[in-house]
Amino acid sequence: MSATEREHVMPPRPLMPWTMALCAGMCMSCVLVLNMVADALLRERAPAVGPLWAIPVAAAVFVVLAQSCARLAPWKRWLYAASVGLVAGAVVSVWWAVGTLSASKALDGRAASSLEFVVQGDPSINDDVYSYTCEARADGKNLATVRLSFDRELKVGAHVRVIGRVSRFENDAYGRSRVLRGEVRKVKAVRIVSVDEGSPGPLLRLRNGLLASIAAATDPARALIAGVVCGRSAELRAQPAGDWFSVTGTAHLIAVSGSHLAIVGFVIEGLLQKTRCSPGLQRAILAITLVGYAAFTGASPSAVRACCMVFATLVVNGAGRRRHGLSALFVTMSIFVLLRPTVPFEMGFQLSCASVLAILCFCPYATYALGELGVPSGVASMLSVTLCSQLATLPITIPAFGTFSLIAPLANAVIGPVVSVLLAVSIVLVPFSLVAPLRTWALVVPMIASRCALFFEQLFAAVPGASVSVPPDSMWIYLVPCLLAVLLVWWPRPRARSVAVGLACLVFLAAIPYVYWDRFAPPSVTVLDVGQADAILIRQGRAVALVDCGLDERVVAALVRNNVHHIDAVFVTHWDEDHWGGLPAVLEQFSVGTIAVAADALEDAPAEVLNRPGVEYRQVRRGDTVDIGSFCARVMWPFESVDGEGNEDSLVLLLSYVQEGKGLRMLLTGDAEIDQEREFVQEVGDIDILKLGHHGSKVSVDDELLDVLKPELSLASAGEGNRYGHPSDACIDAVKEAGGVFACTIEHGDITVTPTANGFAMRCQRP
């Protein structure tokens, strides 16, 4: 049979191994036990052990069914495997739970200065704050795993002593996620007393040396090289370029996984074949090299999972047996859970396993279906991999990020090969950067490939509607994987016409969100999460306005994830950079109709925002009104002409909405402070929502102002760990003492309020 004929043969239904039931049983037990422990740690009470009885009961039921029910004879192995998995998962998770509760108790009453912290991995970076997973030690003994935050970078393996505060995680989504990953406390370091980098091993020394020579923080292209070569993506994610990967659905390209190991293995195997080593020795060297590379890149769950699967495949091939990817996947997952019960709660593990499962099960079918439409086999293979992995991971990605990339298949087909080339040339050339005379030349080719990848990322991310916002509680994100499971069982033979109709329906469904948000968006006001800056989105139907533009390109990412395709008007409250700094990026990415500023403030506008073709510039005065759909924005301050340079010059808008029995009054204060607010607050009167001035500083509001305004909700926009201490405790306390609710973008991300018949409803990006 020729290759062309094989392409048009219906692929067989994949064989699902009994190890799938074993792995599922383990994960179910671990999820149950660990959630009980998280409840105990977050609510500071003894864990309830009642639900634990369900595990042995379920295991016993499975065994009885396997023994006594003749109709279930074909499933006997699965039932036994599930019962063993339930018990094994319960044992290892209870063992872990006992240790975690003991560790939590050991930290009670301890000061941060009495502990030594050992950095375990790369940091996450948010507004120049570095957060690390650390082992807390005292008297040479490991007490617990904690989350350490500070404003400077620390190397992996460093021993650190700090002065700071040890506290429990809040009982919210973030706190629960950290506890479920094994971190029992958070530590906010105020000052570092000492740092001892210790004596790192050879792999860690090599990695630190390469990271130093790459200098990831200095350039997005260098940050991408550090991500694909060393597995460190913190610097890339902290830059605006990191958002491009999320918008285009290509974030997995910078996470070390099976594709990375395949490329590294290809390079190593090519070198080994030029030697006279025996096939067995070549496989052994390849396995050792891949294990070393996984450790070198930080031993992420996806890298270790891929490494284990490759190792299993090499062993099977060496033994002369037929390999089976699904068996290797579930055996690897089971080993992961046995060694570390918290791994089912790590997003990297979830995404890696779900995408590999979908690719192994559905990729041949999708490739066949696309081939029926006449799509070339190479293109069909790339598209099917992206589509299968993207659809299978919807229940993971959408609750976490709230967006769905419509352009991901095309972006992966174009950018994937470029990143593969980048990795291939980088693993060969970047090590030469450790030699001082060759440092500059060693990075020339990788930098070219990296800039090429970033060019395509920016190009695809700028496409209108490239990514759409999806409510995290949407039922369809769970329906899609269920439909895939039904497809796995039913497995019909597609015909070209039916596949074409199905794809046309998918295209139509994909266009619905774009049309909806571009023409029929419901009335809403969204305080965007743009770090230590301000950006507020107002929209209804086709009308879209933006009050302030943040500090940098993060505002573009925030607008994209909120499905903004054009902007009718941008109000710049004043010329502090954290209110206008993102405007040039907005003007480059979106069609903007009008830029409005306070009277006479246009004379001092930065040159970057002036003389833009097609943009109208308007200066507004006290009493002027601007309609945004059914919203009416009325200028309340300043009373006189200003230059827009100081906080006291901030444009203050009273936003009103009245339509179909729904009403909303919201005051947007920019950086205005108490002295300015006293001048107009009596005229404003009772409001529903207050956007706190100056990021919730201590001079943004007081009891007297709150008594007049009576806001039910007060919102602050600030960046995590900002050096100003915003929002201030005084501001938060004043709001709560006045009987209002306080919310901040630090905790909740984008905060959206919509008018209702009974007042308003609030929806947060992060619950």
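Sequential numbering from 1 along the given sequence is applied to the chain's residues.
- Remark: Arg181 engages no residue in a side-chain hydrogen bond (donor to acceptor under 3.5 Å, both in side chains) (not counting sequence neighbours).
- Within the 3.5 Å criterion, the main-chain N or O of Cys230 finds a donor-acceptor partner in the side chain of Arg207.
- If you take NE2 on His159 and SG on Cys134, they are separated by 10.5 Å, rounding to the nearest 0.5 Å.
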(message) Does Arg147 form a side chain to side chain donor-acceptor pair (under 3.5 Å) with Ser131? I'd like the steps, not just the answer.
(response) CA-CA 7 Å; Arg147 192 72 173 173; Ser131 297; 4.6 Å; no
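- Residue pairs meeting the salt bridge (Lys or Arg N to Asp or Glu O under 4.0 Å) criterion with at least one partner in residues 135-144, sequence neighbours excluded, are absent.
- Under a 3.5 Å cut-off, the side chain of Thr393 and the backbone N or O of Ile396 do not form any donor-acceptor pair.
- The pair Asp108-Arg168 meets the salt-bridge criterion, since a charged nitrogen lies less than 4.0 angstrom from a carboxylate oxygen.
- Between Cys361 and Leu357 there is a side-chain heavy-atom pair separated by less than 4.5 Å.
- Taking the ring centroids of Tyr80 and Phe62, they lie at or beyond the 6.0 Å cut-off.
- Panel note: side chain Asn142, backbone Ala136; no donor-acceptor pair is recorded below 3.5 Å.
- Within the 3.5 Å criterion, the main-chain N or O of Leu86 finds a donor-acceptor partner in the side chain of Ser29.
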With a 3.5 Å cut-off and sequence neighbours excluded, list the donor-acceptor pairs that the side chains of residues 89-103 form with protein atoms.
{"unit_1": "Ser93", "atom_1": "OG", "unit_2": "Gly89", "atom_2": "O", "d": "2.6"}
{"unit_1": "Ser93", "atom_1": "OG", "unit_2": "Ala90", "atom_2": "O", "d": "3.2"}
{"unit_1": "Thr100", "atom_1": "OG1", "unit_2": "Trp96", "atom_2": "O", "d": "3.0"}

(request) For the pair Met26 and Leu338, evaluate side-chain contact (heavy atoms from CB on, under 4.5 Å) and give the outcome as yes or no after the intermediate values. (result) CA-CA 8 Å; Met26 288 185 183; Leu338 287 174; 3.8 Å; yes
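- One N or O on the side chain of Gln350 and one on the backbone of Pro344 form a donor-acceptor pair closer than 3.5 Å.
- Contact detail for Thr248 and Thr250: the closest heavy-atom pair is OG1-OG1, 2.7 Å.
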(request) Any chance you could lay out the side-chain contact (heavy atoms from CB on, under 4.5 Å) test for Asn35 and Arg176, step after step, and finish with the verdict? (result) CA-CA 9 Å; Asn35 269 294; Arg176 177 171 288 271; 3.1 Å; yes
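- When the options Leu115, Leu143, Leu148, Val166 are evaluated for a side-chain contact (heavy atoms from CB on, under 4.5 Å) with Arg185, the one that passes is Val166.
- A salt bridge between Glu235 and Arg232 is present, with a side-chain N of the basic residue lying under 4.0 Å from a carboxylate O of the acidic one.
- Ser450 places no side-chain N or O within 3.5 Å of a backbone atom of Pro446 that could act as its donor or acceptor partner.
- Judged by distance alone, the side chain of Glu183 and the main-chain N or O of Gly175 form no donor-acceptor pair under 3.5 Å.
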(message) The test is side-chain contact (heavy atoms from CB on, under 4.5 Å); show your working for Val33 and Ile55 and say whether it passes.
(response) CA-CA 10 Å; Val33 175; Ile55 296 175; 4.2 Å; yes
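- Taking the side chain as every heavy atom from C-beta outward, Tyr130 and Phe150 never approach each other to under 4.5 Å.
- The shortest side-chain heavy-atom distance between Val419 and Val228 falls under the 4.5 Å cut-off.
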(request) Check step by step if side chain to side chain donor-acceptor pair (under 3.5 Å) holds for Thr367 and Ser384. (result) CA-CA 6 Å; Thr367 303; Ser384 62; 2.9 Å; yes
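- With contacts defined as side-chain heavy-atom distances shorter than 4.5 Å, the pair Ser177/Phe345 does not qualify.
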